[in-house]
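Just so you know, ligand 1 is whichever comes first in the structure, and atom 1 is the first atom listed for that ligand.
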Amino acid sequence: MNVFKMKKILFNDFKREYLRFKTVIDRGINRVMRSGWFILGKELGHLETNLAKLLKVKYCVGVGNGTDAITLALLALEIGFGDEVITSNVTAYPTITGIERSGAKPVVVDIDEDSGLIDPVKIEAAITTRTKALVPVHLYGQACEMDKIIAIAKRHKLKIIEDCAQSITSTYKNQPTGSFGDAGTLSFYPTKNLGAYGDAGAVVTNDRAIYKKVLQLRNYGQTVRYHHKYSGLNSRLDEIQAAVLNAKLKHLSGNIRQRRKIASRYNQELKIKHIPQLKNNHHTYHLYVIKSSHRENLMKYLEARGILSLIHYPIPINKQQAFRYQKNQIFPATEKFTREIVSLPIYPELTSAEVQYIINTVNRFMQEKNPTANHNSHFPDDSDNIALSEKIK
Ligand SMILES: Cc1ncc(COP(=O)(O)O)c(C=O)c1O
């Protein structure tokens with residue numbers, strides 16, 4: 001069996017996912033098409049009600065995407081020009097975009113070197129008289145230390161907007177992320193644990209005033225039809241995406257259970273450092289992140305054997321060209337962390353044989369340490385490849 005005939009293990013496999021849920025998804029999309037109602041309708045209402053219930057908050061507003069959700073939450077809290085908002089130096093860049101679109105200045109702080117999450121100790125040092133809010137990012141599916149973050153916010157009278165793009169239904173001390181702060185923001189970008197088949201997001205809150213305002217701000221700042229009280233956005237979650245999300249929401253807890261099962265096998269069997277599962281945390285494993293000082297070699301080794309890996313994120317915020325601030329500041333934990341991290345495939349549709357193959361391949365790399373072998377040459381004696389290629393058809 002030639003290894004080149006082996007199918008790739010993709011980092012995400014949306015076709016497989018769609019085929020699993022095709023019947024319910026197609027039914028949902030058809031329902032919308034037949035209804036003739038595409039924006040702000042029943043599907044979205046249904047989704048908002050069920051998400052609020054699931055995340056144990058009073059209100060949920062569907063919006064265009066997770067980036068807008070951050071902007072809208074800040075605007076609803078009247079945070080903007082002249083204000084500073086503190087977040088993590090290791091996050092997806094849209095966290096920063098979301099803050100900047102409100103008019104506020106993003107300020108980044110260093111992370112905890114083990115978990116990659118914002119370091120509460122560093123937050124306090126970054127607070128100035130202009131600081132108005134904190135945006136903790138529950139990265140990879142693991143919650144930040146909310147006790148400490150809430151205590152800091154109280155001490156300095158700051159608002160909290162939790163970026164839950166990667167942490168839907170993750171909990172900290174048994175409480176869902178998104179329900180701690182003044183507001184929480186979600187992304188339903190297709191890769192997320194609950195992913196649409198396009199862009200979508202949401203703001204969740206327990207505060208009725210924030211809820212009301214986000215409802216208006218997402219719809220051109222309109223209070224009553226053609227009456228515009230605020231300068232808002234056009235950022236609505238459309239009915240087709242809502243129908244897709246309604247269909248998939250029913251399978252979210254099963255999917256997360258499967259992610260955790262795979263993570264548990266990785267935790268037990270991989271002979272490589274990985275991000276620890278934190279105390280008080282229910283990790284939903286949006287991403288499974290390992291660490292290697294031979295990262296580039298490891299990624300090439302995996303790719304040559306049909307396994308696609310990614311880095312979340314290779315460039316910290318302060319080093320991004322678009323980020324105009326804190327250019328000369330040094331972030332030691334960020335530096336080390338972003339040099340070593342690699343994300344392995346983790347999604348419910350991975351077969352048991354594929355998970356085993358990933359484990360064996362990473363472990364083989366570790367055994368060979370820093371292999372200098374030609375990564376493009378095939379592996380004629382690789383029995384795992386053979387078993388796997390026979391299983392994935
Ligand atoms: C941590 C984080 N924040 C914000 C976002 C932005 O979400 P979206 O892509 O839906 O705008 C993402 C997703 O890319 C994310 O991972």
Side-chain angles (χ1 to χ4, degrees), residues 11-12 14 44 47 51 60-75 85-102 104 106 108-109 111 115-118 133-144 146 149 160-170 177-178 181 183-204 214 217-218 233-238 241-242 244-245 248 259 275 283-289 310-317 320 322-323 334 337-338 341 343 346-347:
F11 192 77
N12 287 294
F14 301 118
L44 180 58
L47 178 69
L51 281 172
C60 172
V61 187
V63 302
N65 53 69
T67 311
D68 282 359
I70 296 169
T71 304
L72 287 162
L74 287 166
L75 292 176
V85 173
I86 295 175
T87 191
S88 172
N89 197 21
V90 176
T91 181
Y93 200 77
T95 307
I96 304 301
T97 310
I99 295 169
E100 279 198 313
R101 291 305 106 198
S102 74
V108 292
V109 301
I111 53 165
S115 68
L117 297 169
I118 194 165
L134 307 177
V135 178
V137 181
H138 304 304
L139 201 66
Y140 306 148
Q142 192 145 243
C144 301
M146 289 313 294
I149 291 171
I160 297 176
I161 293 114
E162 298 169 70
D163 183 342
C164 309
Q166 302 187 6
S167 72
I168 188 164
T169 72
S170 302
T177 56
T185 62
L186 298 162
S187 163
F188 306 118
Y189 183 71
T191 59
K192 299 298 192 257
N193 284 13
L194 179 63
Y197 290 146
D199 278 313
V203 176
V204 292
V214 175
L217 287 169
R218 76 171 172 185
L233 275 70
N234 171 1
S235 186
R236 298 165 305 216
L237 197 167
D238 72 70
Q241 296 308 332
V244 170
L245 292 167
K248 288 169 77 174
R259 283 175 181 273
I275 303 243
H283 197 330
T284 50
Y285 286 102
H286 171 56
L287 292 165
Y288 189 90
V289 178
L310 286 174
I311 303 170
H312 298 89
Y313 296 91
I315 306 172
I317 301 302
Q320 292 285 355
F323 193 75
T334 295
F337 187 83
T338 51
I341 47 172
S343 310
I346 184 163
Y347 44 94

For this session: Would you tell me whether Ser170 and Thr177 have side-chain atoms, one donor and one acceptor, within less than 3.5 Å of each other?
Result: no
Problem set entry | Non-hydrogen side-chain atoms of Leu117 and Ile111 separated by less than 4.5 Å | no
Provide, line by line, the atom pairs where ligand 1 and the protein bring an N/O atom each to a distance under 3.5 Å; else say none.
residue: ligand 1; atom: 3 (N); partner: Thr95; partner atom: OG1; Å: 3.4
residue: ligand 1; atom: 3 (N); partner: Asp163; partner atom: OD1; Å: 3.3
residue: ligand 1; atom: 3 (N); partner: Asp163; partner atom: OD2; Å: 2.7
residue: ligand 1; atom: 7 (O); partner: Ser187; partner atom: OG; Å: 3.3
residue: ligand 1; atom: 10 (O); partner: Gly66; partner atom: N; Å: 2.7
residue: ligand 1; atom: 10 (O); partner: Ser187; partner atom: OG; Å: 2.7
residue: ligand 1; atom: 11 (O); partner: Gly66; partner atom: N; Å: 3.3
residue: ligand 1; atom: 11 (O); partner: Thr67; partner atom: N; Å: 2.9
residue: ligand 1; atom: 11 (O); partner: Thr67; partner atom: OG1; Å: 2.5
residue: ligand 1; atom: 14 (O); partner: Lys192; partner atom: NZ; Å: 3.2
residue: ligand 1; atom: 16 (O); partner: Gln166; partner atom: NE2; Å: 2.9
residue: ligand 1; atom: 16 (O); partner: Lys192; partner atom: NZ; Å: 3.3

Problem set entry | Student check: side-chain heavy atoms of Pro106 and Phe323 closer than 4.5 Å | yes
Exercise. Under 4.5 Å between any side-chain heavy atoms of Leu194 and Lys248, yes or no?
Worked result: yes
Exercise. Below 4.5 Å, heavy atoms only, C-beta onward: do Leu287 and Tyr285 meet side chain to side chain?
Worked result: no
For this session: Please examine the side chains of Asp199 and Phe188, heavy atoms only from C-beta on, and report whether any two atoms are closer than 4.5 Å.
Result: no
